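Below is one structure, written out as structure tokens, with a few remarks after it.
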Amino acid sequence: MVPRPAAPAPLAVVQTLVNTRELLEHRDDLSTPTGLVAWAESEGLPCPARPAEADLIRMRRFREALRQLLGSAEGVPGAVSVLNGELARTGTRPLLRAGPPAAEFIGDATTPLDTAITRVLAAVVTTSLDGSLRRLKTCAAEDCLWAFYDRSPNAVSRWCETSVCGARHKMRAYRARQAAGRTD
Ligand SMILES: [Zn+2]
């Protein structure tokens with residue numbers, strides 16, 4: 001099995017956040033304060049030294065809203081409202097700078113966690129505007145939902161690792177056909 005390469009910057013931080021939870025392994029790095037600190041440090045993001053339970057709940061909610069956003073071509077209203085709520089709460093907004101002209105996203109940065117969330121939101125907004133966000137997807141297997149970066153020419157991949165989830169899907173479809181008494 002060859003793992004898919006990680007998403008390029010700035011999407012990588014969105015991918016690593018979504019993948020702090022691994023459904024197939026029943027693992028959630030954001031279930032403990034040390035797990036949240038470790039993820040933030042690995043991404044070079046600020047984080048409270050001792051995150052409170054409310055911080056963990058907020059980050060898990062933010063993360064799952066991102067997972068839903070990546071997983072639905074139609075868009076999920078609830079997920080979008082969580083993300084828009086974080087844009088408002090953190091005061092995340094674009095700022096133009098002069099010579100040479102450049103734009104970046106800034107926030108009010110009331111807390112270290114606000115700053116971290118602003119950076120993730122900046123990546124989501126920037127890549128949704130340039131079109132690259134559509135390549136960051138969640139696996140179509142409902143018990144997986146792992147975030148992967150789709151490098152296929154037309155962005156048509158559906159499974160995190162074709163050799164794992166794609167094969168599982170084929171096996172299920174095969175068994176379903178067998179159970180239905182078909183031999184094709
Ligand atoms: Zn998968």
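Predicted model only: the values in this text are computed from it and were never measured. Position 1 is the first residue of the sequence, and the numbers go up from there.
With hydrogens and angles ignored, the 3.5 Å screen pairs a side-chain donor or acceptor of Arg4 with a backbone N or O of Cys160. Judged by distance alone, the side chain of Asn154 and the main-chain N or O of Val156 form no donor-acceptor pair under 3.5 Å. Checked by atom type and distance alone, the side chain of Arg177 never pairs as donor or acceptor with a backbone atom of Arg175 at under 3.5 Å. At least one donor-acceptor pair under 3.5 Å links the side chain of Asn19 to the backbone N or O of Ala147. Checking side-chain atoms of Glu22 against main-chain N and O of Arg27 turns up no donor-acceptor pair under 3.5 Å. Although no hydrogens or angles enter the test, the distance criterion places a donor-acceptor pair under 3.5 Å between the side chain of Lys137 and the main chain of Ala155.
Shortest non-hydrogen contact noted between Pro8 and Arg151 is CD-NH2, 4.1 Å.
Cluster partners of Leu95, by chain and number: Ile106. The rule joins Ile, Leu, Val, Met, Phe, Trp and Tyr whenever side-chain heavy atoms lie under 4.5 Å apart.
With respect to Arg158 and Glu142, no salt bridge is recorded, no charged nitrogen being found less than 4.0 Å from a carboxylate O. Under 4.0 Å is where a charged nitrogen must lie from a carboxylate oxygen, and between Arg119 and Asp114 no such pair does. With respect to Arg61 and Glu86, no salt bridge is recorded, no charged nitrogen being found less than 4.0 Å from a carboxylate O. Arg50 and Asp55 are not joined by a salt bridge, as no carboxylate oxygen comes within less than 4.0 angstrom of a charged side-chain nitrogen.
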Verdict with supporting geometry, Leu133 and Val124, side chain to side chain contact (heavy atoms under 4.5 Å, CB included): CA-CA 7 Å; Leu133 183 63; Val124 172; 4.1 Å; yes
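In the model, Asp130 has a side-chain atom that pairs as donor or acceptor with a side-chain atom of Ser132 under 3.5 Å. Checking Trp39 against Thr16 by side-chain atom types alone, a donor-acceptor pair falls below 3.5 Å. A donor atom on one side chain and an acceptor atom on the other are not found under 3.5 Å apart for Asp29 and Thr20.
No chain of hydrophobic side-chain contacts below 4.5 Å, direct or via other Ile, Leu, Val, Met, Phe, Trp or Tyr residues, connects Leu70 to Trp159.
Glu64 meets the side-chain contact (heavy atoms from CB on, under 4.5 Å) test with Arg21, Arg67; sequence neighbours excluded.
Here Leu17 contributes atom CG and Arg60 contributes atom CZ; the two are 12.0 Å apart, rounded to the nearest 0.5 Å.
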